[in-house]
Every structure is written in C-alpha cells, then in structure tokens.
Amino acid sequence: MTAPLAATSSLTRPADRLAGIVPSRIRVVFDLAAELEARGHRVIHLEIGRPDFDTPQVVKDATGAALAAGRVHYGPNAGSWQLRAAVAATLAASGGPRYDPGSEILVTIGASEAVFLAVMAFCEPGDEVIVPVPAWPAYEACVRLAGATPVFLPLDPDDDHVLDPARVRRLLTSRTRMVVACTPHNPTGAVVDPGRLAHLAGILRGSRVLVLADEIYRELVYDGTRHVPVATVADLAERTITVGGFAKAYAMDGWRLGWLAGPSGLVAPALRVRQFTTTCPPTFLQDAAIVALRDTATEREQMRRAFAVRRAGALELLGRQRILRVGRPSGAFYLYLTYPEQLGPADEFTLRLLEDEHVAVVPGTAFDPTGRGRHAIRVSYAASLDDVQEGIRRLIDYATVRADGA
Ligand SMILES: Cc1ncc(COP(=O)(O)O)c(C=O)c1O
C-alpha cells in the first residue's frame with residue numbers, strides 16, 4: 001500500500017520548536033543600509049557589533065604557516081589540545097579559574113556555538129531559563145530551539161542595566177535550569193560587580209540552576225573597571241559554564257572561534273552535542289588562535305584604548321543633551337539609549353534615522369521581546385572616532401527635531 005500523499009503545506013512545515021525563532025531585526029537595518037549604499041550614499045555604521053580593526057598580522061601569518069604545514073585535517077572534537085591549553089592559560093593568567101585543558105575546555109565555532117552547546121546539553125522542555133533583557137538575541141533563540149522556556153528578567157535603566165540578583169530570586173521556580181549572565185553585557189555595556197555575583201551565588205546555593213556566563217567582552221572594560229569572571233566567585237564555579245571567544249577583543253569575528261569552559265561534568269555533555277554538529281573547529285585556524293592568545297597583547301591594548309576614546313567621545317556628546325538617556329556603561333562597545341515615548345517606536349525611529357540622516361543603529365526591540373525596547377536604541381562605538389562623533393551628532397539633532405515636532 002502506498003503512503004497517502006502529503007499536502008504541500010505539510011512538506012514545508014518546520015518543526016514546532018522553530019515557532020518563536022524569527023529573523024533578527026538587526027537584519028532590517030543592515031539591508032536598508034546596504035540599499036542606501038548601493039544608491040551611492042555614505043552610511044555611518046553604528047549598528048555593527050564587531051571591531052572595525054583588522055585581525056593582527058601575526059595571527060594571519062600564523063594561519064599561512066599552518067596551511068603551509070598541512071594542518072588541514074580533522075582534529076579532536078574538543079578542539080586542539082594546544083589551543084585548549086592556551087585558552088586555559090589565558091583565563092588563569094587574567095584572574096580566571098584554572099581549568100584542565102583535557103576535560104574542562106572546548107574550542108567552539110565562535111561563542112555562538114558555545115552558547116548553543118551549553119543550552120542544548122542542559123535544557124529541555126519544561127525547563128526555564130532566566131534571560132536578562134535587553135540581551136543578545138541568541139540566548140532566547142537557543143533556549144527555544146532546546147524546547148525550553150525563556151523567562152525574561154528586565155534590566156533596570158535606573159540601575160545602569162546591571163543584573164540584580166534579587167530579581168533573579170523572584171523569577172526562580174522549581175523549573176529554573178539556567179540563568180544567563182552576560183558581563184560585560186550586550187547591548188548595554190553593563191559590567192556585573194563581584195558583590196552582585198556573590199549575592200547571586202547565595203541565591204543559587206543548593207539549587208540545580210546553572211549559570212551561563214557569557215564573557216566574550218571580558219577584555220573590553222574602561223575607566224579602571226575590572227572584569228570579574230563569574231566562575232571565580234565562591235560557590236559559582238561548580239555551576240558556571242563560561243563562554244568566550246576571539247570575535248571582539250581580537251578583531252577575529254570572521255574566524256568563528258570561541259570557547260566553552262567549566263567543570264568537566266558540565267563540559268562533557270556539551271562535547272556530546274558538538275560531536276554530532278560541527279565535529280571540530282578548523283585545524284589551521286586553531287593554530288593561529290594560539291598565536292592570537294599569546295602574541296597580540298599590544299594590538300589588543302591598542303584596540304581597547306581606541307574603543308575607550310570613542311566611548312568617551314560619545315558620552316561627552318550625549319552628556320550635553322537631555323532627550324536621549326544613557327548611563328556610564330563600563331564595558332563592551334555599546335551604548336543603550338532610552339528616549340521618551342513621544343519620539344515614536346524604535347523600529348520606526350531607527351529606519352527614519354537611517355533614511356534621513358544615513359546613520360545606522362539598532363532598535364531596542366531587537367534585544368528585548370518584552371516590549372520594553374520600544375523606546376530604546378543600541379549604538380555601537382566600534383567605528384572610527386570621526387564616525388562615532390558625527391553619527392551621534394546627527395542622532396542628537398534628529399532626536400531634538402522629533403521631540404520639538406512631537
Ligand atoms: C554577548 C555575545 N555573546 C556572543 C556573541 C557571539 O560571538 P561569536 O561571534 O564568537 O560567535 C556575541 C556577538 O555579538 C555577543 O554579543
């Protein structure tokens with residue numbers, strides 16, 4: 001007997017777990033910016049979440065050498081032993097925990113894969129994951145792909161958007177499996193201080209709640225701020241999966257390399273997911289990444305200082321007006337600005353800013369599914385100082401005109 005013919009619609013019906021996975025709103029801005037540029041306009045790009053610098057030359061040279069040496073074949077599932085050792089040494093040298101490269105580190109395809117592996121390995125239908133918002137959109141998407149439920153914790157602009165453990169406590173249930181702690185934070189630049197982390201440790205003590213510590217911006221802190229790795233806080237190490245990578249501080253976003261680190265009991269399940277997804281990171285790129293960790297301190301500090309100057313320039317301009325509200329975020333390369341409702345919804349605000357002033361920024365709605373991002377935008381200062389200043393001037397003028405006309 002032949003099987004009944006499937007209706008066409010059932011052929012293309014995606015899995016239910018894709019229901020909440022929608023295209024990123026950041027794309028809308030990208031596409032319109034590209035269209036304007038194709039029409040010959042110069043667009044100031046303050047939407048981009050990546051450094052405008054090139055990868056340090058020593059890293060490129062090391063890639064060439066690795067290719068020349070024939071490092072083109074599969075490697076270990078967890079990543080090359082040498083790169084895992086270099087990641088472990090880097091984390092330990094910068095005040096992080098001491099991880100065993102053999103069992104406590106995975107080299108991943110960007111921090112993105114690290115987040116995906118961590119969530120897939122530990123979260124399932126019925127589980128809840130606390131996601132502080134506004135947030136990098138991938139946390140929510142990964143949680144949904146795992147069939148778990150994101151529970152959004154609103155970060156308070158009056159508290160500089162810093163994670164408040166008391167709010168975590170209010171959202172905890174018997175179903176909570178994970179809490180996301182991104183520090184420094186995208187899109188707000190907020191850095192979580194050790195006191196709050198200790199408070200979080202006390203709240204989670206005795207529970208089965210894991211902490212997903214996204215520290216990809218760990219090196220990008222300013223004004224003497226110190227980044228405190230979540231896993232170094234007493235009682236958090238045993239429950240913390242830390243993710244990091246090369247995209248931001250190393251100007252290697254296109255290389256797609258990152259890491260996941262934690263106690264072996266948390267890393268081994270992530271490795272089981274990895275075995276049957278991406279198998280292993282590219283071998284020759286991993287050789288170059290060792291050089292990036294070991295030999296680029298000078299270039300990284302130069303980039304960090306350049307970001308610090310741009311941040312200061314942006315904050316100086318913003319400090320002279322009252323319509324766009326911003327705190328003094330200590331890390332990453334973003335400013336998250338909130339503004340009065342009368343200036344209109346962020347999606348429209350950003351599109352008009354792009355069309356009329358040729359300045360690209362991201363609407364807060366891209367980071368906050370709760371609706372609170374409706375009157376907020378993210379500005380990236382990972383652009384030249386001239387562009388950051390000119391873009392912010394145009395943004396301020398535009399907001400002022402809209403406020404006057406409202
Ligand atoms: C907080 C955060 N985590 C992870 C990532 C992804 O990093 P990668 O490019 O290494 O996958 C980003 C990229 O924007 C990010 O902002």
Side-chain angles (χ1 to χ4, degrees), residues 24-27 29-30 45-53 55 59 79 83 87 90 105-120 129 131-143 150 155 161-163 178-192 211-221 227 229-230 240-261 270 274 277-278 281-282 285-286 288-289 292-293 307 329-336 361-362 364 366-368 378-383:
S24 167
R25 285 173 199 260
I26 303 176
R27 273 306 353 148
V29 177
F30 278 152
H45 289 278
L46 303 186
E47 84 282 29
I48 290 181
R50 64 162 176 81
D52 57 325
F53 299 107
T55 299
V59 184
L83 180 53
V87 170
T90 302
I105 306 255
L106 287 188
V107 179
T108 54
I109 310 296
S112 305
E113 191 201 10
V115 168
F116 179 79
L117 296 180
V119 175
M120 277 297 166
V129 176
V131 181
V133 288
W136 182 52
Y139 308 126
E140 177 191 353
C142 289
V143 170
L155 295 166
H161 291 108
V162 183
L163 179 67
M178 194 176 266
V179 179
V180 174
C182 175
T183 179
H185 189 88
N186 175 10
T188 65
V191 173
V192 188
V211 178
L212 178 60
D214 186 341
E215 301 184 9
I216 191 163
Y217 297 98
R218 57 191 269 280
E219 295 187 51
L220 299 177
V221 283
H227 163 71
V230 173
T240 297
I241 300 174
T242 302
V243 310
F246 293 85
K248 314 293 176 178
Y250 297 78
M252 291 172 63
D253 42 290
W255 296 59
R256 312 306 307 126
L257 285 175
W259 61 78
L260 177 154
R274 134 67 64 78
T277 48
T278 53
L285 296 186
Q286 293 184 78
L293 291 174
F307 291 135
S330 323
F333 36 55
Y334 307 112
L335 301 173
Y336 194 71
V361 300
V362 182
F367 308 101
D368 194 338
R378 185 192 77 178
V379 171
S380 160
Y381 50 87

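Values reported hereafter were calculated over all heavy atoms of this structure, with side chains retained and with hydrogens, waters and symmetry mates removed. The shown structure was predicted, so the numbers you read here are calculated from the model rather than taken from an experiment. For ligands, and for the atoms within them, numbers begin at 1 and follow the listed sequence.
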Completion exercise
Between Ala111 and Ile216 the two heavy atoms that sit nearest each other are CB-CD1, 3.6 Å
Exercise for the section: Indicate yes or no: does an N/O atom of Ala111 lie under 3.5 Å from an N/O atom of ligand 1? Expected result: yes
Completion exercise
Within the 4.0 Å heavy-atom cut-off, what Glu113 brings close to ligand 1 is neither
Completion exercise
Nearest non-hydrogen protein atom to atom 12 (C) of ligand 1, with distance, is Trp136 CE2, 3.4 Å
Exercise for the section: Please identify which atoms of ligand 1 are closer than 4.0 Å to at least one heavy atom of Asp214. Expected result: 1 (C), 2 (C), 3 (N), 4 (C)
Exercise for the section: Give the numbers and elements of all ligand 1 atoms closer than 4.0 Å to a heavy atom of Ala247. Expected result: 9 (O), 10 (O)
Exercise for the section: Could you tell me which atoms of ligand 1, counted from 1 in the order shown, lie closer than 4.0 angstrom to a heavy atom of Cys182? Expected result: 1 (C)
Practice task
Return the minimal non-hydrogen interatomic distance between Lys248 and Pro51, and the atom names on each side.
Solution key: O-CG, 3.0 Å
Exercise for the section: Work out whether the distance between some heavy atom of Arg256 and some atom of ligand 1 is less than 4.0 Å. Expected result: yes
Practice task
May I ask you to decide whether Glu113 forms a salt bridge with Arg274, counting only side-chain N to carboxylate O separations under 4.0 Å?
Solution key: yes
Problem - Heavy-atom pair of closest approach, residues Arg218 and Tyr250 - result: NH1-OH, 4.4 Å
Practice task
Specify the closest pair of heavy atoms between Ala181 and Val211, including all atoms of both residues, with the distance to one decimal.
Solution key: CB-CG1, 4.1 Å
Exercise for the section: Tell me which protein heavy atom sits closest to atom 7 (O) of ligand 1, plus the residue, atom name and distance to 0.1 Å. Expected result: Ile216 CD1, 3.3 Å
Completion exercise
At under 4.0 Å between heavy atoms, what of Lys248 touches ligand 1? The answer is side chain
Fill in the blank from the handout: Looking only at heavy atoms, the pair that brings Pro281 and Ile109 closest together is CA-CD1, 3.7 Å
Practice task
Look only at interatomic distance and state if Ser112 has a nitrogen or oxygen under 3.5 Å from any nitrogen or oxygen of ligand 1.
Solution key: yes
Exercise for the section: Mind checking whether Tyr139 contacts ligand 1 via backbone (N, CA, C, O), side chain (CB onward), both or neither, at a 4.0 Å heavy-atom cut-off? Expected result: side chain
Practice task
Hey, can you tell me if Tyr381 and Phe307 have their rings parallel, tilted or perpendicular (30° and 60° cut-offs)?
Solution key: perpendicular
Problem - Nitrogen or oxygen of Tyr217 less than 3.5 angstrom from that of ligand 1 - result: yes
Practice task
Apply the side chain to side chain contact (heavy atoms under 4.5 Å, CB included) test between Phe367 and each candidate in Val362, Thr188, Val133; give the one that qualifies.
Solution key: Val362
